[in-house]
Amino acid sequence: MSIANEDLINAAREARRNAYSRYSRFSVGAALIDDRGHLHVGCNVENAAYPLGSCAEAGAIAAMVLQGGRRIAKIAVVGGIGGIGEAGPCTPCGGCRQRILEFADENTIILAVDDSGEWQEYTIDALLPASFHLPGI
Ligand code: THU
C-alpha cells in the first residue's frame, strides 16, 4: 500500500493535465491510494452552468468507490492557475474536505501541493475540525 509522496504527486500532476477548467483557468488534479493499495485519479470538470462543475477530489473518490475502494490512505491535490504561479499549496475546498472525511480515518494523509512540487501534509481532523457525522452511523 505504500507509495512515495513524490509518485502520488506526479500522478496528481498528470491528472491535472486533463483538467477541464475553461472558466476559472484553475486546473486541479487529485491522486489517491486506497486501502487496497490501488491508485485513483481525478481532475476538475467545469461547466458553462457553473455550479455543475466538479472538483478533482470528487472524481478521484468516485473512481475509488467504483472500483470497490472504501478508505483513503493518502491523497495528493495539485492545483493553480498556470502562469500565475504564486499560489501556495492547493488545499481541498470545504466540500471536498467533507467528501474526503467520508472515506478517511485518523491515518489518512492529505498532501496539499504547490506548483513547485512542495507539499504540506494534513490529517482530515486538521482540515475539518468538529466535522459533521450522522449520529449512530
Ligand atoms: N477545485 C477543485 O477541483 N478542488 C478543490 O479542492 C478546490 C477547487 C476546482 C473547482 C473549480 O473547477 C476550480 O478549482 C476553481 O475553483
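Ligands are counted one by one from 1 in listed order, and the atoms in each one are counted from 1 as well.
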Asks: How far is atom 7 (C) of ligand 1 from its nearest protein heavy atom, and which residue and atom is that?
Replies: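 Heavy-atom neighbour on the protein nearest atom 7 (C) of ligand 1: C93 CB, 3.9 Å.
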Asks: May I ask you to list the atoms of ligand 1 that are less than 4.0 angstrom from any heavy atom of E57?
Replies: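 Matching atoms, with element in brackets: 2 (C), 3 (O), 4 (N), 5 (C), 6 (O).
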Asks: Under 3.5 Å, is there a donor-acceptor pair between the side chain of R71 and the main chain of D34?
Replies: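 Not confirmed, R71 side chain does not pair with D34 backbone.
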Asks: Return yes if some donor-acceptor pair links the side-chain N/O of R70 with the main-chain N/O of V65 below 3.5 Å, else return no.
Replies: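 Between the backbone of V65 and the side chain of R70 there is a qualifying donor-acceptor contact (under 3.5 Å).
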Asks: Which ligand 1 atoms does E46 reach within 4.0 Å, using its non-hydrogen atoms?
Replies: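 Here the atoms of ligand 1 in question are 11 (C), 12 (O), 13 (C).
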Asks: Please say which of I75, L101, I109, N107 ends up in a side chain to side chain contact (heavy atoms under 4.5 Å, CB included) with I124.
Replies: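 Testing each of I75, L101, I109, N107 against I124, the sole residue satisfying side chain to side chain contact (heavy atoms under 4.5 Å, CB included) is L101.
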Asks: Could you identify the single nearest non-hydrogen protein atom to atom 3 (O) of ligand 1 and state the distance to 0.1 Å?
Replies: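 Here the nearest protein heavy atom works out to A56 N, 2.9 Å.
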Asks: Does at least one non-hydrogen atom of P92 fall below 4.0 angstrom from an atom of ligand 1?
Replies: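 So P92 counts as touching ligand 1.
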Asks: Can we say R16 and D115 salt-bridge, meaning some charged N sits less than 4.0 Å from an Asp/Glu carboxylate O?
Replies: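 Counted as a salt bridge, because a side-chain N and a carboxylate O are separated by less than 4.0 Å.
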Asks: What part of S24 sits under 4.0 Å from ligand 1 if we count only heavy atoms: the side chain, the backbone, both or neither?
Replies: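 Only the side chain of S24 comes within reach of ligand 1.
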Asks: What protein heavy atom sits nearest atom 10 (C) of ligand 1, and how far away is it?
Replies: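 That would be C55 SG, 3.9 Å.
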Asks: Among all protein non-hydrogen atoms, which one is nearest to atom 9 (C) of ligand 1, and what is the separation to 0.1 Å?
Replies: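 I find the closest protein heavy atom is N44 ND2, 3.5 Å.
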Asks: Answer yes or no: is there a donor N or O on one side and an acceptor on the other, between the side chain of N44 and the main chain of V28, under 3.5 Å?
Replies: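 A pair under 3.5 Å: yes.
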Asks: Determine whether a donor-acceptor pair (N or O, by modelled atom type, separation under 3.5 Å) exists between the side chain of D125 and the backbone of P129.
Replies: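 Here the side-chain-to-backbone pair does not exist.
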